[in-house]
Amino acid sequence: MIILTDNIPDDFLPCAITIGCFDGVHRGHRYLIEQLKGAVQGTNLQTVLITFPVHPREVMHSEYRPQLLSCPQQKIELIKSLDADYCIILPFTIELSKLSAFEFMKFLRDRFNMRALVIGHDHRFGHNRSEGFSDYTRYGDEFGINIVHAQALVNQNITISSSVIRNLLQKGCIEKANQYLGYAYFLDGTVVDGYKLGRKLGFPTANLSPSCPDKLIPQEGVYAVYARIGKEYFKGMLNIGHRPTVNNGNRLSIEVHILNFTGNLYQQQIRIELMHFIRKEQHFPNMEALIAQLHEDRSLIENLLPTHP
């Protein structure tokens, strides 16, 4: 997989293209790439993904803030694992948004030598998204472009999509979300200074400041996680919430107690991979009750998580 940004050659070889935001680069996206590869069998066409550095709606509506499954750099890292020849990071501009579907397909043909276009099962493009697959097929006949309508990936009558995965994460259904993603949902960030209350309770925590402010934070509660520090993985107990027992106010805390770890993580980069939802955040009558519950949570997580492979 070769990632292209502003160094796209003018003499690009004939190719088959599929287009999308690819937020999360989940199993549905991987199924789309399989169909892209199928579309070029028996031809000399190379396979190309086109995606955008920011969500198109951010360009159209400056106040829009997406809840991303993967920030731009994370998305590129995930895309590199896909089995395609190229990924083109195409800047989405106001000028591009004003193109009709016909004009956009002509742009793709002329700029990238597109000979085939694989269209996601629910994907529409062009100004106002008013045209559909029958229109794309008609334009393809005019341009000499083979148009393929991709099928959705369906699991137990559920179409796997970014919006479905977001909904699962917002409900704390982390296991099902991970199943649809094809990997463990993760949060990257820097360990920052906190209130150090966890240390006093016997559960020192690393307070995470997420590297991507637009990345979706799952439902508040306690999770069994793996913490990746450098190249090492540790079991961890993650709490997302407002810590009602200690009156944390409106500030959302993302803090992880890393099992069997000693050392100073302040200002280090870590990755938290969420594996299981343990319980919702709750208010305890006193610190003793909170500490007792934390011991139960840690014991459960220690037994629940296998050693990271």
Side-chain angles (χ1 to χ4, degrees), residues 67 69 165-179 181 183-211 215-229 232-309:
Q67 288 194 299
L69 299 176
I165 294 170
R166 288 189 199 98
N167 186 53
L168 289 170
L169 291 169
Q170 289 166 338
K171 293 180 178 178
C173 302
I174 190 67
E175 294 91 344
K176 182 64 72 174
N178 288 349
Q179 179 187 340
L181 283 167
Y183 58 88
Y185 188 70
F186 60 88
L187 298 172
D188 286 341
T190 305
V191 177
V192 297
D193 211 8
Y195 292 115
K196 299 182 175 60
L197 178 62
R199 185 181 305 172
K200 298 175 183 177
L201 300 178
F203 292 85
T205 59
N207 294 271
L208 191 73
S209 175
S211 58
K215 185 158 185 174
L216 185 148
I217 304 300
Q219 176 177 295
E220 296 177 15
V222 177
Y223 293 83
V225 303
Y226 290 110
R228 192 182 80 183
I229 304 169
E232 288 189 87
Y233 285 87
F234 298 85
K235 299 178 185 181
M237 179 168 66
L238 175 71
N239 185 80
I240 300 174
H242 295 85
R243 305 193 304 175
T245 305
V246 295
N247 298 316
N248 203 46
N250 293 324
R251 177 186 172 187
L252 182 70
S253 295
I254 304 172
E255 50 185 346
V256 59
H257 170 66
I258 303 173
L259 280 62
N260 304 313
F261 175 83
T262 56
N264 184 8
L265 292 175
Y266 184 61
Q267 291 300 315
Q268 289 196 43
Q269 297 288 314
I270 64 172
R271 171 169 291 185
I272 306 299
E273 298 181 355
L274 287 75
M275 305 305 297
H276 302 284
F277 183 78
I278 301 301
R279 61 175 175 84
K280 291 183 178 181
E281 188 175 51
Q282 61 192 96
H283 180 272
F284 294 93
N286 50 55
M287 289 299 180
E288 290 73 18
L290 171 60
I291 292 170
Q293 182 63 57
L294 291 176
H295 279 288
E296 288 187 24
D297 295 339
R298 182 165 61 184
S299 178
L300 174 62
I301 290 169
E302 181 74 71
N303 294 320
L304 184 63
L305 291 179
T307 300
H308 196 281

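Keep in mind it's a predicted model, so treat the numbers as computed, not measured. Numbers here are sequence positions counted from 1.
Rounding to the nearest 0.5 Å places CG of Asn167 at 4.0 Å from NZ of Lys171. Atom CD of residue Glu281 and atom CD of residue Gln219 lie 10.5 Å apart, to the nearest 0.5 angstrom. Glu175 CD to Tyr185 OH: the interatomic distance, rounded to the nearest 0.5 Å, is 15.5 Å. Going from atom CG of Asn303 over to atom CZ of Arg298 covers 12.0 Å, rounded to the nearest 0.5 Å. Atom-to-atom distance recorded for Arg279:CZ and Leu300:CG is 10.5 Å, nearest 0.5 angstrom.
Among all heavy-atom pairs drawn from Val222 and Met237, the shortest one is CG1-CG, 4.0 Å. Looking at every heavy atom in both residues, Ala224 comes nearest to Ile278 through N-CG1, 3.7 Å. Considering every non-hydrogen atom in both Tyr223 and Gly172, the closest pair reads OH-CA, 3.9 Å. Contact record, Glu302 with Leu259: OE1-CD2, 3.4 Å, taken as the closest heavy-atom pair. Heavy atoms only, all atoms of each residue included: Ile301 and Gly236 are closest at CG2-O, 3.6 Å. Scanning all heavy atoms of the two residues, the minimum distance from Gln67 to Gln170 falls at OE1-NE2, 2.9 Å.
Side-chain N/O atoms of Gln293 and Gln282 include no donor and acceptor closer than 3.5 Å.
Although no hydrogens or angles enter the test, the distance criterion places a donor-acceptor pair under 3.5 Å between the side chain of His257 and the main chain of Pro204. Side chain of Asn178 to main chain of Leu274: a donor-acceptor pair is present (N/O by atom type, distance under 3.5 Å, no hydrogens or angles). Judged by distance alone, the side chain of Arg228 and the main-chain N or O of Glu273 form no donor-acceptor pair under 3.5 Å.
Other residues, nucleotides and ligands place more than 12 heavy atoms under 6.0 Å from the CD atom of Gln267.
Between Cys173 and Phe277, the closest side-chain pair of non-hydrogen atoms is not below 4.5 Å. Here the side chains of Ile254 and Asn239 are not in contact, with every heavy-atom distance at 4.5 Å or above. Residues Pro210 and Leu187 fail the side-chain proximity criterion, which asks for heavy atoms closer than 4.5 Å. Side chains of Pro218 and Ile240 form a contact here, defined as non-hydrogen atoms less than 4.5 Å apart. Counting only heavy atoms from C-beta outward, the side chains of Val256 and Ile270 approach each other to under 4.5 Å. Using a 4.5 Å heavy-atom threshold, the side chains of Leu265 and Gln268 count as touching.
Within the cation-pi definition used here (under 6.0 Å to the ring centroid, within 45° of the axis), Lys235 does not qualify as a partner of Phe261. Cation-pi contact between Lys215 and Phe186: present, with separation from the ring centre below 6.0 Å and deviation from the ring axis of at most 45°.
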Show, in sequence, the C-alpha distance, side-chain angles and deciding distance for Ile165 and Leu169, and conclude whether the side chain to side chain contact (heavy atoms under 4.5 Å, CB included) test is met.
CA-CA 6 Å; Ile165 294 170; Leu169 291 169; 4.2 Å; yes
Dump the intermediate steps for side chain to side chain contact (heavy atoms under 4.5 Å, CB included) on Leu208 and Glu255, then the final yes or no.
CA-CA 6 Å; Leu208 191 73; Glu255 50 185 346; over 6 Å; no
Go through the steps for Asp188 and Gln269 under the test side chain to side chain contact (heavy atoms under 4.5 Å, CB included), then give the verdict.
CA-CA 7 Å; Asp188 286 341; Gln269 297 288 314; 5.6 Å; no
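Checked options Ile229, Leu238, Ile272, Val225; the residue passing with Ile258 is Ile229 (criterion: side-chain contact (heavy atoms from CB on, under 4.5 Å)).
Relative ring orientation between His308 and Tyr233 is described as parallel, the plane-to-plane angle staying below 30° on a 0-90° scale split at 30° and 60°.
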